[in-house]
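Heads up, the thing below is written out as structure tokens.
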Amino acid sequence: MAVSSALSGRDYLAAHGVQEALAAAVSEVLRTRPAKPIMGICDILSKCAGDKVKQTTSAVVPIVDISPFVDEAAHADEARRQVAEQWDSAMMHVGFAIITGHGVPPHTISALRDGAMGFFADDLASKNVYNYGPYGNPFGGFTGMGTEAVSRTRDKHGSDGGADHAGALPDLVESFIFKPESPKPKPAVLEEAGAAYYAALLRVLETLHKLTAASLGLPADFFEPFYSPAGHYSLRLAYYPPLSPEAQESSAVRYGEHTDYTGFTILHQDEADVGDLAAGGLQVRLQTGEWHAVPPTAGAFVVNIGDLYEIWTNGRWRSTVHRVMKPPPGSAAASAPRLSIPFFTGPRDEAVIEAMPTCVDEGHPPKYAPVSAGDHLLKKLGVSNVGRATTS
Ligand SMILES: O=C(O)CCC(=O)C(=O)O
Ligand SMILES: [Fe+2]
């Protein structure tokens, strides 16, 4: 069967003649799996909600060593089974995980970080040479402060019922979207390091897809038709300048509360903030409604899912609301820049996303209408852009 047309997961499985047997077997496993995950996250979260027991943040955002899926020959099936179970639990209860054992060499990360810091240190006019349109335009490039107000994209995703942020102030962030395939010029300091990082992160994504297929009882190649010949990828360099007194006083935040729009986001936080939970400012909204820091962790990436995974998993996994707050006034971090690098990985635009067969049964009918991946992304980008020109 050709996979060039929009092909749903259900069609794909049907085409391979395994849908019914697989769906029955796996939904039985999912239904009978103990509600309490092996890492005890439920316990931690309910304590946070109830008697306000202080927990270390790293226990709330699970750390998952994905090396059994990176180097399969060096690990037993049992190791993969355990990781798959941790992954399902993390995505189900938090929607975020901190991954180690990913195999990306430190110099691939530091080379891009160094190049990006060099680029953003330049004056606005020089950066605007690389402005190719609003945030989300197909060429990528630079967009300055005042371009995006991401919390305006809040909708029903994120399982808190949504919140109205229609009048939110623009975010205190500048961005460069690195697209290797873009015909537009890129800053020399980013070109080589960006291409190497992008290629390395695509390998991490491949691993996450294998891990996810194992977690959800899907065939190992389940995601292939959705990401072939290429998914919709965006490598974003997010630069938060030191806070001016006005920015510190205003109600604007570094990046407003939102859910991500598509598939996995693989994020590298600023390692200058390691060890100081308030400095980085990235926070997730837990199921209890409390906000919790996502601790910057040396050598690790933060992975979270976007809205399309919530639809795909029929609400089993959470497209978790998160935000980037300002560091406390007067702190060293408030007068320092922060650079984070999210890599957004969605299915190709034409793909239609609907509940996976393994996440649907009589007790769990589909909760969401099927969506076109590209339409969903465009809708979100349209609301997020506040339209202030950054070229002048
Ligand atoms: O800068 C960060 O740590 C997170 C940014 C973010 O949530 C995003 O770009 O979607
Ligand atoms: Fe995000």
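Counting starts at 1 for both ligands and their atoms, following the listed order. Since this is a predicted model, take the numbers as computed values, not measurements. FYI, side chains are in, hydrogens and waters are out, and symmetry mates aren't considered; it's all heavy atoms of this structure. Each residue takes its place number in the sequence, starting with 1.
Using a 4.0 Å cut-off between heavy atoms, Leu267 contacts ligand 1 through its side chain alone, with no backbone atom that close. Residue Arg254 does not touch ligand 1, judged by heavy-atom distances below 4.0 Å. With a heavy-atom cut-off of 4.0 Å, Asp260 touches ligand 1 through its side chain alone.
For Phe343 and Tyr197, the ring centers sit 6.0 Å or farther from each other. Between Tyr239 and Phe120, the distance from one ring center to the other falls under 6.0 angstrom. Taking the six-membered ring wherever Trp is involved, the centroid distance between the rings of His258 and Tyr261 does not fall below 6.0 Å. Less than 6.0 angstrom separates the ring centroid of Phe264 from the ring centroid of Tyr309.
Atom 4 (C) of ligand 1 has Val324 CG2, 3.7 Å as its closest protein atom, hydrogens excluded (heavy atom only). Closest protein heavy atom to atom 2 (C) of ligand 1: Ser340 OG, 3.3 Å.
Close N/O approach between Arg236 and ligand 1 is found [any backbone or side-chain N/O within under 3.5 Å]. On a distance-only criterion, His322 and ligand 1 share at least one N/O pair closer than 3.5 Å.
Using a 3.5 Å distance cut-off with no hydrogens or angles, the side chains of His376 and Asp307 do pair a donor with an acceptor.
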